[in-house]
Amino acid sequence: MSATAESAVGHDELAVLKLLALEGGLEGDVKISCSALADRLDASNQTASRRLQRLESATLLERDTVSDGQWVSVTDEGERVLHAEYEDYRRIFERDTEVALEGIVTSGMGEGRHYISLPGYNRQFEDRLGYEPFPGTLNVELREDSVRRRSAVSSLEPIPIDGWEDDERTYGPAVCYPATIETATGERYVDAHTIAPERTHHDDDQLEVIAPVKLREELGLEDDDHVTVSVGDRE
């Protein structure tokens with residue numbers, strides 16, 4: 001969603017998106033007229049139409065206008081926005097201190113080994129995480145539902161890793177969170193951390209985990225093995 005489109009979508013539009021999802025818009029097309037929507041919103045027809053237009057412009061829903069109304073459906077992007085709203089309310093009422101993310105182990109691009117070993121980062125890892133990480137990351141490709149759930153991590157207390165520079169270049173900051181890794185067979189490792197650099201080639205479905213040991217060997221992991229990464233307070 002572009003910055004312009006995102007700025008046009010506020011709480012009023014999200015209320016319409018939620019209403020359409022409750023009517024079945026996540027499963028497929030639902031038919032609605034502006035007058036019927038206006039009645040539900042206690043607003044004018046023009047206001048109802050304008051909110052639908054803004055949601056469509058932001059690619060949060062798709063519309064097909066017919067003679068007696070319009071068929072609408074919530075897009076994948078719209079579902080992600082609703083899920084983020086859900087995570088906000090879940091954090092308010094459930095007050096979780098841990099977010100469980102599921103995925104499969106994948107091979108990384110080899111960048112983790114280099115960057116984690118750099119002295120400007122390594123000193124901070126020892127000071128703030130309490131250990132010198134194994135030179136490399138465990139890369140986890142998250143399932144689709146965990147990609148959406150990942151937004152909940154932002155409500156947890158991060159461990160900041162500051163940016164720094166040497167004579168050749170500047171290195172960006174990162175954030176870490178305590179993490180526990182559990183395999184499909186129940187093996188667990190509790191002294192790990194996720195790490196998310198500010199500048200990364202990875203998409204939202206890629207999670208990187210560091211630890212003082214080589215996690216693949218410690219847990220007997222290979223590519224495509226299923227793992228659960230529980231991010232948050234260990235207390």
Side-chain angles (χ1 to χ4, degrees), residues 1-96 99-104 106 139-156 194 196 198-208 224 226-229 231:
M1 184 165 54
S2 69
T4 301
E6 186 174 5
S7 65
V9 175
H11 295 297
D12 291 336
E13 287 75 27
L14 290 179
V16 174
L17 192 66
K18 181 179 73 172
L19 187 153
L20 296 174
L22 288 170
E23 292 294 322
L26 288 174
E27 286 73 40
D29 292 340
V30 293
K31 193 174 184 181
I32 193 166
S33 67
C34 282
S35 60
L37 179 59
D39 288 342
R40 297 285 298 274
L41 300 175
D42 192 22
S44 67
N45 286 6
Q46 292 82 358
T47 295
S49 177
R50 187 166 55 249
R51 291 178 187 174
L52 289 173
Q53 290 171 2
R54 288 175 177 171
L55 288 168
E56 183 180 28
S57 296
T59 69
L60 302 185
L61 65 76
E62 294 178 346
R63 293 195 299 164
D64 183 18
T65 303
V66 293
S67 60
D68 58 345
Q70 51 201 313
W71 291 94
V72 299
S73 62
V74 178
T75 64
D76 290 343
E77 179 67 19
E79 183 177 354
R80 283 192 286 271
V81 169
L82 286 173
H83 201 279
E85 289 288 297
Y86 159 74
E87 290 292 353
D88 285 344
Y89 282 108
R90 191 175 64 84
R91 292 197 297 272
I92 290 171
F93 292 108
E94 297 181 12
R95 301 193 181 277
D96 285 349
V99 180
L101 305 174
E102 297 182 56
I104 60 170
T106 64
N139 295 78
V140 179
E141 181 180 328
L142 298 177
R143 297 188 340 188
E144 184 176 349
D145 57 339
S146 288
V147 173
R148 295 192 295 267
R149 193 179 306 124
R150 186 175 185 172
S151 63
V153 172
S154 62
S155 70
L156 305 176
T194 64
E198 187 176 83
R199 295 192 295 267
T200 177
H201 297 298
H202 291 169
D203 296 324
D204 287 343
D205 64 347
Q206 298 295 314
L207 188 69
E208 293 184 275
D224 298 325
H226 177 274
V227 292
T228 300
V229 183
V231 185

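Between the CG atom of Leu17 and the OG1 atom of Thr75 there is a distance of 7.5 Å, given to the nearest 0.5 Å. Atoms CG and OG1, on Asn139 and Thr106 in that order, are 5.0 Å from each other to the nearest 0.5 Å. The distance from atom CD of Glu144 to atom CG of Asp204, rounded to the nearest 0.5 Å, is 12.5 Å. With rounding to the nearest 0.5 Å, the separation of CZ in Arg150 from CG in Leu207 is 5.0 Å. In this structure, CG on Leu142 lies 6.5 Å from CG on Asp205, to the nearest 0.5 angstrom. The CG atom of Leu14 lies 12.5 Å from the CG atom of Leu19; values are rounded to the nearest 0.5 Å.
Residues satisfying the side-chain contact (heavy atoms from CB on, under 4.5 Å) criterion with Arg80, sequence neighbours excluded, are Asp76, Glu77, Arg148. Listed by chain and residue number, Ser73 satisfy the side chain to side chain donor-acceptor pair (under 3.5 Å) test with Asp29 (two or more places apart in sequence, or in another chain). When the side-chain contact (heavy atoms from CB on, under 4.5 Å) test is applied to Glu102, the partners found at least two apart in sequence or on another chain are Arg143, Ser146, His226, Thr228. Taking the side chain to side chain donor-acceptor pair (under 3.5 Å) definition, one finds that Glu85 meets it with nothing, sequence neighbours left out. Contacts of Ser44 classified as side-chain contact (heavy atoms from CB on, under 4.5 Å), with partners at least two apart in sequence or in another chain: Gln46, Thr47. Under the rule for a side-chain contact (heavy atoms from CB on, under 4.5 Å), the partners of Ser35 that lie at least two apart in sequence or sit in another chain are Ser33, Asn45.
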I'd like to know whether Val72 forms a side-chain contact (heavy atoms from CB on, under 4.5 Å) with Glu23, so could you lay out the CA-CA distance, the side-chain angles of the two residues, the decisive distance to 0.1 Å, and finally the verdict. CA-CA 10 Å; Val72 299; Glu23 292 294 322; over 6 Å; no

Quick one, Leu82 with Lys18, criterion side-chain contact (heavy atoms from CB on, under 4.5 Å). Give me CA distance, side-chain angles, the key distance, then yes/no. CA-CA 7 Å; Leu82 286 173; Lys18 181 179 73 172; 4.2 Å; yes

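Side-chain N or O atoms of Ser49 include none that pairs as donor or acceptor with a backbone N or O of Cys34 at under 3.5 Å. A donor-acceptor pair under 3.5 Å is formed between the side chain of Arg149 and the backbone N or O of Ala100.
Taking every heavy atom of both residues into account, Val9 and Arg54 meet most closely at CG2-O, 4.0 Å. When every heavy atom of Leu26 is checked against every heavy atom of Ala21, the shortest pair comes out as CG-CB, 4.0 Å. For the residue pair Ala36 and Ile32, the shortest heavy atom distance occurs at CB-CG1, 4.5 Å.
Side-chain contact between Leu37 and Arg51 is absent, with no heavy atoms from C-beta onward closer than 4.5 Å. Here the side chains of Val66 and Lys31 are in contact, with some heavy-atom distance below 4.5 Å. Looking only at side-chain heavy atoms (C-beta outward), Leu52 and Gln70 come within less than 4.5 Å of each other.
The number of heavy-atom neighbours closer than 6.0 Å to CD of Glu141, taken from other residues, nucleotides and ligands shown, is above 12. The number of heavy atoms from other shown groups lying within 6.0 Å of CG (Asp68) is above 12. Surrounding CZ of Arg40 are at most 12 heavy atoms belonging to other residues, nucleotides or ligands under 6.0 Å away.
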